[in-house]
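What follows is a single structure, written as structure tokens, with notes after it.
Scope of the values below: all heavy atoms of this structure, side chains included, with no hydrogens, waters or symmetry mates. From a predicted model like this one, the values you see are computed outputs, not experimental measurements.
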Amino acid sequence: MTDAAKTATPAAAQGALQAVRGMNDILPDEAPLWLRLEDTARRVFEQYGYRFLRMPIVEPTPLFVRGIGEATDVVEKEMYTFEDKLSGESLTLRPEATAGIVRAAIQNNLTYERPQRVWTHGPMFRHERPQKGRYRQFHQLDVEALGFAGPEVDAEQIVLLARLWDALGLADSVTLKINSIGDPADRRAYREALTAYFLQHFDALDDDSKRRLSTNPLRILDSKNPEMQSLIEGAPRMLEQLGTEARAHFDGLRKWLDLAGLVYEIDTRLVRGLDYYNRSVFEWVTDRLGAQGTVAGGGRYDGLYESLGGKPTPACGFAAGMERLVLLLRETGKTAALAPLAYLVHQGDAAAALAWRLAETLRDAGYDTVLHAGGGSMKSQMKKADASGARFAFILAEDEARNRSVTVKWLREIGREQQTVPMDGLSAWLAERALSV
């Protein structure tokens, strides 16, 4: 027995390794919807002038403690944090993208000359109980406008999302909720009023709300506990505490949304779970995914730059959960199968060599073509051709190789007779048929 075999045997005896719980593979049959979502998002974002940015998935832990807030669930309970073995530095797998984008903007002076519109997508990590549409490794689309102070940019991002829903065919499946959580001074006054109210009803609070009362009472409003809802409904409302500037900003946001013709609900209980938000907050929600109803959410965060060591810089942005959007696309019957135009079937050495060259010629002409590999009978190859989803099977056997021709079989259209086409005329034949599709 070789050394490698000796090493491999105990591992094999222990059984096949599995993915970490809550961290999932995206398999080839699932990938087309993901690709459709990514490609559609990229086109829409670029229409509005947002440029792509990519950051590391590992950041210094203080970035999230200072940016997101020590009293948030994310920092207290959900972050994947570890010590770097070489430097001893505390590092964290990013639980969200905004703090990393602002860190990159400060470090690289992105807003030195002008404001910036940027976007990114990729994996995020939170240690929470996996459930439908909510995982420990999940993926987000993230859009940020850095250096813009006016409410028209807040509205722009909401309208941008409305355009994305239209492009994905999801416009009838989502609704828009907006609110304002005011400026820091407004929130301090509101926090005092909220604390006083909940202290009067302390015995009615659940354990989570009692803990939040001393750390972040606004998060009590976001409680999903059914027994808390009547108590929350009677709490003071943030909109009643807004100062002059925050009120004008919210009125401006509503004006731009009205101008765009968007329907929205003012949800006075809407808050965001991260400390850096101020003024405008919004969510797009659906009733098609059970409890995990928020598919995109965001708002303004004018103080985040300063909390991370940068100069005062207004900003706003949002994140959209890609797993939930893929689930919603499936739930609403949207599909995006990626199939080749042709599957090349061949039998015999001469036909195999011609098929190899023909496949490259078709790809040069822009036609997605799968060349059969692995041998097998014509019958088994035709089964694979049909299973591939291709529109055509191109067949090369001894007769075709001798005549330098291809037998074309239509796989998706019943009643079409197969025909023989000269090999050097196949691209032109396809181009003619494409015009009538």
Side-chain angles (χ1 to χ4, degrees), residues 20 23-26 30-68 74 78-82 84 87 89-126 135-148 153 156-157 160-161 163-164 167-168 274 276 295-299 301 304-305 307-310 313 315-326:
V20 176
M23 299 184 181
N24 302 321
D25 302 307
I26 300 171
E30 304 171 78
L33 274 179
W34 285 80
L35 294 173
R36 178 187 169 195
L37 173 58
E38 291 170 8
D39 290 345
T40 304
R42 176 185 52 79
R43 289 196 302 272
V44 172
F45 298 164
E46 288 177 352
Q47 281 185 297
Y48 287 77
Y50 287 82
R51 301 188 298 158
F52 189 71
L53 168 72
R54 181 169 283 152
M55 314 85 63
I57 63 170
V58 178
E59 297 274 9
T61 301
L63 174 68
F64 303 113
V65 175
R66 290 164 58 184
I68 295 174
V74 174
E78 297 171 0
M79 294 201 310
Y80 281 92
T81 297
F82 58 96
D84 184 273
S87 68
E89 182 182 11
S90 179
L91 303 177
T92 294
L93 294 175
R94 63 185 184 190
E96 56 96 52
T98 303
I101 288 178
V102 171
R103 189 272 309 149
I106 294 170
Q107 182 175 337
N108 296 282
N109 295 315
L110 286 188
T111 55
Y112 179 73
E113 293 183 345
R114 65 184 187 281
Q116 297 282 344
R117 290 176 169 90
V118 298
W119 76 279
T120 193
H121 69 86
M124 313 292 161
F125 303 86
R126 295 188 188 180
Y135 307 105
R136 290 175 174 175
Q137 177 178 314
F138 57 100
H139 298 76
Q140 287 185 338
L141 299 165
D142 193 277
V143 170
E144 311 292 347
L146 310 174
F148 297 89
V153 178
E156 173 187 272
Q157 293 186 348
L160 175 154
L161 277 168
R163 186 177 295 274
L164 179 60
L168 292 169
L274 310 181
Y276 53 61
V295 294
Y301 51 92
L304 183 56
Y305 264 75
S307 70
L308 298 180
T313 304
C316 61
F318 69 82
M322 297 179 71
E323 278 84 357
R324 294 184 194 178
L325 288 174
V326 169

Problem - Short N-O contact, Glu46 and Arg42, less than 4.0 angstrom - result: yes
Exercise for the section: Would you check if the side chain of Thr120 reaches a backbone N or O of Asp142 as a donor-acceptor pair within less than 3.5 Å? Expected result: no
Practice task
For the pair Arg66 (side chain) and Ser307 (backbone), establish whether a donor and an acceptor sit closer than 3.5 Å, ignoring hydrogens and angles.
Solution key: yes
Problem - Taking every non-hydrogen atom, the tightest pair across Ala99 and Leu308 - result: O-CD1, 3.9 Å
Completion exercise
Output for pair (Thr111 OG1, Ile106 CD1), nearest 0.5 Å, gives 8.0 Å
Handout entry: Donor-acceptor under 3.5 Å (Glu59 side chain, Thr92 main chain)
Key = no
Handout entry: Side-chain heavy-atom pair Val58, Leu93 within 4.5 angstrom cut-off
Key = yes
Handout entry: Main-chain N/O of Ser87 paired with Asp84 side-chain donor or acceptor, under 3.5 Å
Key = yes
Exercise for the section: Kindly say whether Met124 contributes a backbone atom to a donor-acceptor pair with the side chain of Gln140 at under 3.5 angstrom? Expected result: no
Problem - Nearest-0.5 Å distance, CG of residue Leu161 to CZ of residue Phe318 - result: 3.5 Å
Handout entry: Test side-chain hydrogen bond (donor to acceptor under 3.5 Å, both in side chains) applied to Gln137 and Tyr80, step by step
Key = CA-CA 10 Å; Gln137 177 178 314; Tyr80 281 92; over 6 Å; no
Handout entry: Pair Tyr301 + Tyr276: ring centers closer than 6.0 Å
Key = yes
Exercise for the section: Heavy atoms only: give me the nearest Val44-Ala167 pair and the separation to one decimal. Expected result: CG2-CB, 4.4 Å
Fill in the blank from the handout: One should read off an interatomic distance between Arg163 CZ and Phe45 CZ, to the nearest 0.5 angstrom, of 12.5 Å
Practice task
Indicate yes or no for a side-chain donor-acceptor contact from Ser90 to the backbone of Thr61 under 3.5 Å, with no hydrogens or angles considered.
Solution key: no
Exercise for the section: Return the minimal non-hydrogen interatomic distance between Glu144 and Thr98, and the atom names on each side. Expected result: OE2-OG1, 2.8 Å
Practice task
Mark yes or no for whether Arg36, through its side chain, and Leu168, through its backbone, hold a donor-acceptor pair below 3.5 Å.
Solution key: yes
Practice task
Could you tell me which non-hydrogen atom of Leu304 sits nearest to which non-hydrogen atom of Gly67, and how far apart they are?
Solution key: CD1-CA, 3.6 Å
Practice task
Quick one: closest heavy-atom pair of Ala104 and Met55, and the distance?
Solution key: CB-CG, 4.4 Å
Handout entry: Short side-chain to backbone donor-acceptor contact, Arg117 and Val143, under 3.5 Å
Key = no
Problem - Nearest heavy-atom neighbours spanning Phe64 and Glu96 - result: CE2-O, 4.0 Å
Problem - Residues in side chain to side chain contact (heavy atoms under 4.5 Å, CB included) contact with Glu30, at least two apart in sequence or another chain - result: Ile26, Leu27, Arg330
Exercise for the section: Could you give me the CA-CA distance, side-chain angles and deciding distance for Glu156 and Phe148, then say whether side chain to side chain contact (heavy atoms under 4.5 Å, CB included) is met? Expected result: CA-CA 11 Å; Glu156 173 187 272; Phe148 297 89; over 6 Å; no
Problem - From CG (Leu325) to NE2 (His139), nearest 0.5 Å - result: 13.0 Å
Problem - Donor-acceptor contact present, side-chain Arg126 to main-chain Pro95, <3.5 Å - result: yes
Handout entry: Any Leu160 side-chain heavy atom under 4.5 Å of Tyr50 side chain
Key = yes
Completion exercise
Output for pair (Arg51 CZ, Trp119 CH2), nearest 0.5 Å, gives 13.5 Å
Exercise for the section: Verify, without hydrogens or angle tests, whether Gln116 (side chain) and Leu110 (backbone) share a donor-acceptor contact under 3.5 angstrom. Expected result: yes
Handout entry: Nearest-0.5 Å distance, NE2 of residue His121 to CZ of residue Phe52
Key = 4.5 Å
